[in-house]
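Notes to accompany the following structure.
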Amino acid sequence: SLLLLKIAFAYFKMSLGYFLLLLFLEPVFFAISYLVILKGENIALSLWRFDKTLAKSILKSAWPLMFSSAFVLIYSRIDQIMLKHYFDLSSVGVYGVAAQLSEYWYFIPIGIISSLTPAIINAKKTDLSVYRRRLKNLIMLLSAVALSASLFFTIFSEQIVNLIFGQAFSRAASVLQIYVWGGIGMSIGYVSNQFLIVEDKTKIYFFINGFSMLVNVGLNLILIPVLGLTGAAYATLIAYSLVPLPIFFEYIKLRFLKV
């Protein structure tokens with residue numbers, strides 16, 4: 001419902017204040033939803049007690065994930081921030097259009113992973129061979145989806161940009177043709193991250209995202225002055241391509257996905 005409201009606000013060109021209000025209400029909405037679900041399960045909140053030992057254990061396990069999320073946020077947007085120091089706002093806007101279009105289809109791999117991950121986790125508890133096969137099939141499926149999306153956006157980049165944003169942003173097409181291929185790494189990276197969480201290897205998740213962030217920043221510093229907007233796109237593409245490395249290293253090291 002909140003997503004529909006955002007779409008409606010954008011369609012009717014509502015002011016920024018309405019979007020900020022939705023941003024504030026979103027966590028409130030989720031909190032109320034959880035309370036309703038708990039009440040439906042006859043779970044009395046009055047019986048809840050704070051467990052200090054459990055809280056410390058959760059925090060100890062969760063800190064790599066929290067910092068990793070921060071790293072992902074940084075390296076997915078740092079290119080646009082850095083571009084502001086080299087070019088005018090119109091060029092940054094052109095790049096932002098390409099980045100936005102490149103991420104339009106990301107809901108597909110996220111939806112697939114959200115739907116299939118529970119079945120994969122359950123298989124790990126009962127049959128490792130089934131677990132490995134399902135994980136392998138998930139990677140192959142997401143690779144096919146990402147490859148298809150990347151080819152589509154590459155071939156029809158000019159038409160897509162002109163149709164959605166107009167010819168004023170036609171320069172975004174060349175950036176889109178590069179940036180969109182980072183979706184392959186991101187799609188497999190989603191699986192890799194879930195795999196590391198299931199295998200209780202969240203520190204690897206932390207280090208690979210931290211490393212990807214540093215690589216992205218470093219490459220942006222090198223490539224933006226030389227190649228401009230396409231340099232930033234190449235930097236992001238390379239950084240995104242590093243995210244799936246843990247699962248490939250695991251495959252090489254342990255032949256984990258060999259069924």
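Taking all atoms of both residues into account, the shortest heavy-atom contact from Q80 to A99 is NE2-CB, 3.9 Å. Pairing each heavy atom of R134 with each of A119, the nearest pair is NH1-O, 2.8 Å. Taking both residues in full, the closest heavy atoms of M82 and V217 are given as CE-O, 3.8 Å, listed atom of the first, atom of the second, then distance. Taking all atoms of both residues into account, the shortest heavy-atom contact from I120 to Y131 is O-CD1, 3.2 Å. Across every non-hydrogen atom of D79 and A232, the tightest pair is CB-CB, 4.2 Å. Between A144 and S148, the closest heavy-atom pair is O-OG, 2.8 Å.
Rounding to the nearest 0.5 Å gives a distance of 9.0 Å between CG of L138 and OG of S143. Taking CZ from F169 and CG from N162, the interatomic distance works out to 11.5 Å, rounded to the nearest 0.5 Å. Within the model, atoms CG of L83 and CG of L229 stand 6.0 Å from one another, a figure rounded to the nearest 0.5 Å. To the nearest 0.5 Å, atoms CE (M213) and OG (S68) are separated by 10.5 Å. Interatomic distance, CZ of F153 versus CG of L176, reported as 7.0 Å (0.5 Å rounding). Here CG of L141 is found 4.5 Å from CD1 of I112. Values are rounded to the nearest 0.5 Å.
For the salt bridge (charged side-chain N to carboxylate O under 4.0 Å, His left out) condition, no pair includes a residue of residues 208-219, sequence neighbours left out. Legend: salt bridge (charged side-chain N to carboxylate O under 4.0 Å, His left out) pairs involving residues 64-77, not counting sequence neighbours, sorted by first then second residue: R77-E103. Residues in residues 207-228 take part in these side chain to side chain donor-acceptor pair (under 3.5 Å) pairs, two or more places apart or across chains: Y75-N209, N216-N220.
Partners of D127 under the side chain to side chain contact (heavy atoms under 4.5 Å, CB included) rule, at least two apart in sequence or in another chain, are S129, V130. Every residue two or more places apart in sequence or in another chain was checked for a ring-ring contact (aromatic ring centres under 6.0 Å, His included) with Y86, and none qualifies. K56 is linked by a side chain to side chain contact (heavy atoms under 4.5 Å, CB included) to K52, counting only residues two or more places apart in sequence or in another chain. A search for ring-ring contact (aromatic ring centres under 6.0 Å, His included) contacts involving Y104 returns nothing, not counting sequence neighbours. Taking F87 as the reference, nothing meets the ring-ring contact (aromatic ring centres under 6.0 Å, His included) condition, with sequence neighbours excluded. The salt bridge (Lys or Arg N to Asp or Glu O under 4.0 Å) check on E158 picks up nothing, with sequence neighbours excluded.
Through direct or indirect side-chain contacts shorter than 4.5 Å among Ile, Leu, Val, Met, Phe, Trp and Tyr, M140 is connected to no other residue. Other members of the hydrophobic cluster containing V28, listed by chain and number, are I32, V36; membership follows side-chain contacts under 4.5 Å among ILVMFWY residues, whether direct or relayed.
For S57 (side chain) and T53 (main-chain N/O), no donor-acceptor pair under 3.5 Å exists by modelled atom type.
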Would you give me the side-chain donor-acceptor pairs under 3.5 Å for residues 178-190, sequence neighbours excluded?
from: W181; atom 1: NE1; to: T154; atom 2: OG1; distance (Å): 2.9
from: W181; atom 1: NE1; to: Q177; atom 2: O; distance (Å): 3.2
from: S187; atom 1: OG; to: G183; atom 2: O; distance (Å): 2.8

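Residues Y205 and L73 do not share a hydrophobic cluster, clusters being chains of Ile/Leu/Val/Met/Phe/Trp/Tyr side chains in contact below 4.5 Å. Connection of L221 to Y240 is established within a shared hydrophobic cluster, with ILVMFWY side chains joined at heavy-atom distances below 4.5 Å, either directly or through further cluster members.
If you look at F71 and F211, their ring centroids are not closer than 6.0 Å.
Between W63 and F67, the two ring planes are perpendicular [angle over 60°; tilted spans 30° to 60°].
Surrounding CG of L89 are at most 12 heavy atoms belonging to other residues, nucleotides or ligands under 6.0 Å away. By the neighbour-count criterion of 12 heavy atoms within 6.0 Å, atom CD of Q159 is densely surrounded, having more than that number from other residues, nucleotides or ligands. Summarising the local packing, OH of Y234 is surrounded by 12 or fewer heavy atoms from other residues, nucleotides or ligands at distances under 6.0 Å.
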(message) Set out, in order, the CA-CA distance, both residues' side-chain angles and the distance that settles side-chain contact (heavy atoms from CB on, under 4.5 Å) for T126 and N122, then state yes or no.
(response) CA-CA 7 Å; T126 57; N122 289 332; 6.0 Å; no
(request) Go through the steps to decide whether M66 and L59 satisfy the test side-chain contact (heavy atoms from CB on, under 4.5 Å), and finish with yes or no. (result) CA-CA 9 Å; M66 292 188 294; L59 183 60; 3.7 Å; yes
